[in-house]
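One structure is given here, and the rest of the page talks about it.
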Amino acid sequence: GAVVSQHPSWVICKSGTSVKIECRSLDFQATTMFWYRQFPKQSLMLMATSNEGSKATYEQGVEKDKFLINHASLTLSTLTVTSAHPEDSSFYICSAPWGGGSNEQFFGPGTRLTVL
Amino acid sequence: DAKTTQPNSMESNEEEPVHLPCNHSTISGTDYIHWYRQLPSQGPEYVIHGLTSNVNNRMASLAIAEDRKSSTLILHRATLRDAAVYYCILRRGGGNSGNTPLVFGKGTRLSVIA
């Protein structure tokens, strides 16, 4: 199946710093990617839809100025957590839909962010 | 997207079949039933999906009720590696539906006992 990678797999940063997370579709092109956040023992929550060549669409309650999304190419979307705080510590997961008429989505392995 | 209801947790013995139920009484005619699972500390992975007929693949089988208001994911022989949270998700089909996000509920946490 198709592969989606994320980098880094984990990151620890100090409060107030910014962290960039990359999501890549390795063997297919994705004009759309999705970013989710997952807190411990909870389900995945959709944060935003990343669109190649246009602005991201954010879910209600997600601060677009804090979570900057850039879909630079057909295989890369980045999520930058700006001025991170301890409450931003979470597991961030991206996904990309597989084209060709399939409804299947492929998820990255996730990035665990810990803000001290 | 219509809502799904799943048990919070289930337990199975290794090597035995597991039936994971999902209720979706408000399903619409164009909703596909998708199952994904999430192993610990990993992103979700696709398991199976269907519309009306039962489906089989190398990972599992999906049994869909005739009225489509419920479905059951069947793992034929549970292994320790099947321990995960299983999510039943409805997704509208047709058109550009592939570019819509999946909306996750709480899922069922499956424990497999050796």
Side-chain angles (χ1 to χ4, degrees), chain A residues 1-6 9-10 21 23-25 28-52 54 56-60 62 71 74 77 90-112, chain B residues 1 3-9 22 27-28 30-52 55 57-60 62 64 71 84-111:
Chain A
V3 177
V4 173
S5 70
Q6 281 185 242
S9 55
W10 59 270
I21 302 170
C23 176
R24 293 182 185 271
S25 55
F28 66 104
Q29 294 182 335
T31 56
T32 301
M33 291 183 176
F34 304 107
W35 286 96
Y36 295 83
R37 179 167 53 179
Q38 185 175 33
F39 293 108
K41 303 294 185 185
Q42 294 188 24
S43 186
L44 284 78
M45 290 173 40
L46 179 67
M47 298 177 66
T49 300
S50 174
N51 302 298
E52 191 269 336
S54 64
T57 305
Y58 291 83
E59 295 300 299
Q60 192 172 9
V62 177
H71 201 132
L74 288 173
S77 174
S90 189
F91 194 47
Y92 292 85
I93 306 168
C94 69
S95 75
W98 172 256
S102 167
N103 279 317
E104 187 173 349
Q105 286 207 13
F106 293 92
F107 287 81
T111 297
R112 187 162 303 282
Chain B
D1 292 314
K3 186 178 177 179
T4 63
T5 304
Q6 299 177 252
N8 289 334
S9 62
C22 180
I27 191 171
S28 75
T30 56
D31 285 339
Y32 283 77
I33 303 159
H34 289 250
W35 285 81
Y36 282 74
R37 72 178 186 181
Q38 185 178 24
L39 279 64
S41 299
Q42 295 187 30
E45 63 175 343
Y46 169 83
V47 178
I48 201 166
H49 80 279
L51 182 62
T52 56
V55 185
N57 67 19
R58 64 176 179 80
M59 286 182 72
L62 176 60
I64 301 172
S71 61
V85 179
Y86 287 78
Y87 297 98
C88 170
I89 302 169
L90 300 184
R91 194 134 174 264
R92 195 132 296 172
N96 215 21
S97 61
N99 283 337
T100 59
L102 293 169
V103 179
F104 288 80
K106 295 183 178 179
T108 297
R109 183 173 297 276
L110 175 66
S111 301

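For the numbers below, each heavy atom of this structure counts, side chains included, while hydrogens, waters and symmetry mates do not. Residue numbers start from 1 in every chain, and the chains themselves are labelled A, B, ... in the order their sequence lines are given, proteins ahead of strands.
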side-chain hydrogen bond (donor to acceptor under 3.5 Å, both in side chains) partners for A/E59, two or more places apart: none
Rounding to 0.5 Å, atoms CD (A/E104) and CD (B/E45) come to a distance of 10.0 Å
Mind checking the CD1-CZ spacing from A/I93 to B/F104? Nearest 0.5 Å is all I need. 7.5 Å
Go through the structure and list residues passing salt bridge (charged side-chain N to carboxylate O under 4.0 Å, His left out) with A/R37, not counting sequence neighbours. none
Quick check: do B/L102 and A/Y36 have side-chain heavy atoms less than 4.5 Å from each other? yes
Does any backbone or side-chain atom of A/L44 lie under 4.5 Å from a heavy atom of chain B? Answer side chain, backbone, both or neither. both
Shortest non-hydrogen pair, A/Q105 vs B/T100, comes out as NE2-O, 2.8 Å
Test side-chain contact (heavy atoms from CB on, under 4.5 Å) on B/Q38 and A/S43; report intermediate values, then the result. CA-CA 10 Å; B/Q38 185 178 24; A/S43 186; over 6 Å; no
Does A/Q38 use its side chain to pair, donor to acceptor, with the backbone of B/G43 at less than 3.5 Å? no
Would you say CE of A/M45 has more than 12 non-hydrogen atoms from neighbouring residues, nucleotides or ligands within 6.0 angstrom? no
